[in-house]
Asker: 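Next up is a structure, given as structure tokens.
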Amino acid sequence: MPSLMPPPVREDEALISLRREVRSFLTEQVEAGAFVPTVDSWLSGWDVAFTRALAEHGWLGMTVPTEHGGHGRTFLERFVVTEELLAAGAPVAAHWISDRQVAPNLLRFGSEELKRRYLPRIVSGEVFFGIGMSEPDSGSDLASVRTRAERVTDGWRVHGTKLWASGAHVADAFIALVRTSPQDGDRHAGLSQLLVRLDSPGVVIRPVVSANGTHHFNEVHLDGVHVPDDHVVGEIGAGWHQVTSELSFERSGPERFLSTYQLATSLVGGLDPAEAGRITARLAGLHQMSLSIAAALQRGERPDVPAALVKVLGTTLEGDIADLADLATPTGATAHVAALTRRSVQQRPGFTLRGGTSEVLRGVIARGLGMR
């Protein structure tokens, strides 16, 4: 049977030192009132000033090569930084998608023009991206996207709607998965990725407000939006291969098990020791799994199945922490803990949906094991 996870790795002294450096910076930021630690901060904590402070420390675009304006550091170093940011509940949403998946996607598939235009500005915290994958009635079935792009003289004309576009109302652009040729038997053929500027004529962004009143999701209508040829990402017709590569970056990171970490640390001390031990052990296991995936990415591997496994197990844990807090948080809990609990419970329905539903990802795991 194929192995589910890459080989385990251990952090060396350089990584431990980097972790201490980031942790010290975050402590200073909290003490200075730069942010209040919260849950799900990578999704809704949009703070351009904080993002640019990270850029000044060299903690954006860490794995982007120096020739493209980045820092040429390893995926393991990036993992250490992102894990500390998430554990601290820091407001990282402004750069999260750009740094997590757009930069690696452009590095792998983008033209030299796209790399030159966007990568240095991602690294410096000057340009921000949303996600242009999901659509109404498509759920996690990306092969069923209906947004279409028609060839015109100097590029493409795009018609369709994207849903659950996080941060699109404040982002500069997103990479949209679109159909550039009719479906002909193979559902995965005829898909392409286009980099769409969200200030283009024909783009209409409508807020999707959550039940708790927060706004980070959007519905983006593309009504004849023009995308020039130099904003095609990769090859026309190769979109399915490209987007599934991108999903490895989206699904495997520590945000898939640390969204409710601030709540967990507030909760564990007051739990039954056995329950506290179970939560701690699951967090430790997911840390090691995600770290091993970072090492696999550094080796140039494509860990689709391990990423799906981390996503399923991680978001399940996040939901369990929210449910446990809802039941176990004492009546006299501090206002901060009560607020963390309330926000975690409100966000909980989305944990197993974003980045692909657990049902879809279990199918990915089963195929990886040769079971289907």
Side-chain angles (χ1 to χ4, degrees), residues 2-6 8-9 39-44 75-76 78-79 82-83 85-87 92-93 96-97 99-102 104-105 130-131 133-134 138-143 163-166 177 216-217 240 242-261 263-264 279 281-298 301-323 344 347-369 371-372:
S3 174
L4 270 176
M5 295 300 300
V9 296
V39 298
D40 233 20
S41 58
W42 66 270
L43 185 66
S44 57
F75 281 95
L76 288 168
R78 182 184 179 277
F79 175 85
T82 56
E83 189 173 51
L85 291 169
L86 291 164
V92 295
W96 199 255
I97 293 165
D99 189 73
R100 178 184 70 182
Q101 65 202 87
V102 172
N105 196 30
I131 297 178
M133 294 187 194
S134 298
S138 290
S140 295
D141 183 13
L142 293 179
L163 188 59
W164 312 120
S166 301
L177 182 66
H216 46 263
F217 290 128
W240 182 256
Q242 293 172 198
V243 81
T244 51
S245 298
E246 184 179 340
L247 288 170
S248 293
F249 294 100
E250 181 180 355
R251 291 168 174 167
S252 64
E255 70 271 29
R256 295 307 174 187
F257 58 91
L258 290 177
S259 296
T260 54
Y261 184 79
L263 177 60
I279 293 293
R282 291 167 70 185
L283 282 166
L286 283 159
H287 156 80
Q288 184 57 55
M289 293 167 71
S290 194
L291 182 64
S292 71
I293 291 174
L297 290 170
Q298 184 62 32
E301 298 172 12
R302 183 179 162 181
D304 298 354
V305 175
L309 184 61
V310 165
K311 202 277 181 182
V312 170
L313 295 177
T315 54
T316 300
L317 173 60
E318 290 177 333
D320 289 348
I321 290 169
D323 292 344
S344 296
Q347 295 293 97
R348 193 237 185 281
F351 291 162
T352 58
L353 298 177
R354 58 200 189 197
T357 66
S358 294
E359 291 76 14
V360 166
L361 294 176
R362 289 188 185 105
V364 172
I365 296 166
R367 282 192 295 274
L369 290 173
M371 299 170 64
R372 56 180 294 186

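Since the model is a prediction, treat every value here as computed from it, not as a measurement. Nothing fancy with the numbering, it's 1 onward along the sequence.
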Asker: Would you mind reporting whether Phe257 and Met289 have side-chain heavy atoms less than 4.5 Å apart?
Answerer: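 Of all side-chain heavy-atom pairs linking Phe257 with Met289, none is under 4.5 Å.
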Asker: Indicate yes or no: at least one non-hydrogen side-chain atom of Leu163 is less than 4.5 angstrom from one of Phe217.
Answerer: no
Asker: Can you give me every donor-acceptor pair (side chain of residues 281-288, partner residue at least two apart or in another chain, under 3.5 Å) with its distance?
Answerer:
residue : atom : partner : partner atom : Å
Arg282  : NH1  : Asp320  : OD2          : 3.1
Arg282  : NH2  : Asp320  : OD2          : 2.8
His287  : ND1  : Glu83   : OE1          : 3.1
His287  : ND1  : Glu83   : OE2          : 2.8
Gln288  : NE2  : Val9    : O            : 2.8

Asker: Which value, rounded to the nearest 0.5 Å, describes the distance between Gln298 atom CD and Leu76 atom CG?
Answerer: 6.5 Å
Asker: Nearest 0.5 Å please: distance from the CG atom of Asp40 over to the CZ atom of Arg348.
Answerer: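 Reported to 0.5 Å precision, the distance equals 12.5 Å.
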Asker: Provide the closest heavy-atom pair for Ser292 versus Met5 in the form atom of the first, atom of the second, distance.
Answerer: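 Nearest heavy atoms, Ser292 then Met5: OG-CE, 3.6 Å.
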Asker: Quick one: list whatever passes salt bridge (charged side-chain N to carboxylate O under 4.0 Å, His left out) with Arg302, sequence neighbours left out.
Answerer: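 Arg302 satisfies salt bridge (charged side-chain N to carboxylate O under 4.0 Å, His left out) with Asp304 once adjacent residues are dropped.
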Asker: Is the closest side-chain heavy-atom distance between Ser259 and Val39 below 4.5 Å?
Answerer: no
Asker: Rounded to the nearest 0.5 Å, what separation is found between the CZ atom of Arg256 and the CG atom of Leu86?
Answerer: 10.5 Å
Asker: Is it the case that more than 12 heavy atoms not belonging to Phe351 sit under 6.0 Å from its CZ atom?
Answerer: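 Yes - once you tally the heavy atoms of other residues, nucleotides and ligands closer than 6.0 Å, there are more than 12.
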Asker: My understanding is that only residues two or more places apart in sequence, or in another chain, count here; which of them pass salt bridge (charged side-chain N to carboxylate O under 4.0 Å, His left out) with Glu359?
Answerer: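 If we apply the salt bridge (charged side-chain N to carboxylate O under 4.0 Å, His left out) test to Glu359, skipping adjacent residues, there are no hits.
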Asker: Please find the pair of heavy atoms, one from Thr315 and one from Val312, that lie closest to each other, and give the distance.
Answerer: OG1-O, 3.5 Å
Asker: Can you find a pair of side-chain heavy atoms, one from Leu43 and one from Gln347, that are under 4.5 Å apart?
Answerer: yes
Asker: Taking all non-hydrogen atoms of both residues into account, name the closest pair between Pro6 and Ala296 and its distance.
Answerer: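 Heavy atoms of Pro6 and Ala296 come nearest at CG-CB, 3.8 Å.
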Asker: Is there a side-chain contact between Ile131 and Ser166 in this structure, where contact means two heavy atoms from C-beta onward sitting under 4.5 Å apart?
Answerer: no
Asker: Determine whether a donor-acceptor pair (N or O, by modelled atom type, separation under 3.5 Å) exists between the side chain of Thr357 and the backbone of Val360.
Answerer: yes
Asker: Which heavy-atom pair separates Val310 from Gly253 by the least distance, and what is that distance?
Answerer: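 The answer is CG1-O, 4.5 Å.
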Asker: Please report the shortest heavy-atom distance between Ile293 and Pro303, naming the atom on each side.
Answerer: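 Closest heavy-atom pair between Ile293 and Pro303: CG2-CG, 3.7 Å.
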Asker: Measure the shortest side-chain to side-chain distance between Ile279 and Leu317 over non-hydrogen atoms and say whether it is less than 4.5 angstrom.
Answerer: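 SC-SC contact between Ile279 and Leu317 confirmed.
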Asker: So, for Val305 and Gly368, which heavy atoms are closest and what is the spacing to 0.1 Å?
Answerer: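 Residues Val305 and Gly368, closest heavy atoms: CG2-CA, 3.6 Å.
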Asker: Could you check whether any side-chain heavy atom of Phe79 comes within less than 4.5 Å of a side-chain heavy atom of Leu291, counting everything from C-beta outward?
Answerer: yes
Asker: Would you say Arg78 and Arg100 make side-chain contact, with heavy atoms under 4.5 Å?
Answerer: yes
Asker: Measuring from atom OG of Ser290 to atom NZ of Lys311, what distance do you get when rounded to the nearest 0.5 angstrom?
Answerer: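 Answer for the OG-NZ pair, Ser290 versus Lys311, is 13.5 Å.
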Asker: Looking at OH of Tyr261 and CD of Glu318, how far apart are the two atoms once the value is rounded to the nearest 0.5 Å?
Answerer: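 The CD atom of Glu318 is 13.0 Å from OH of Tyr261, to the nearest 0.5 Å.
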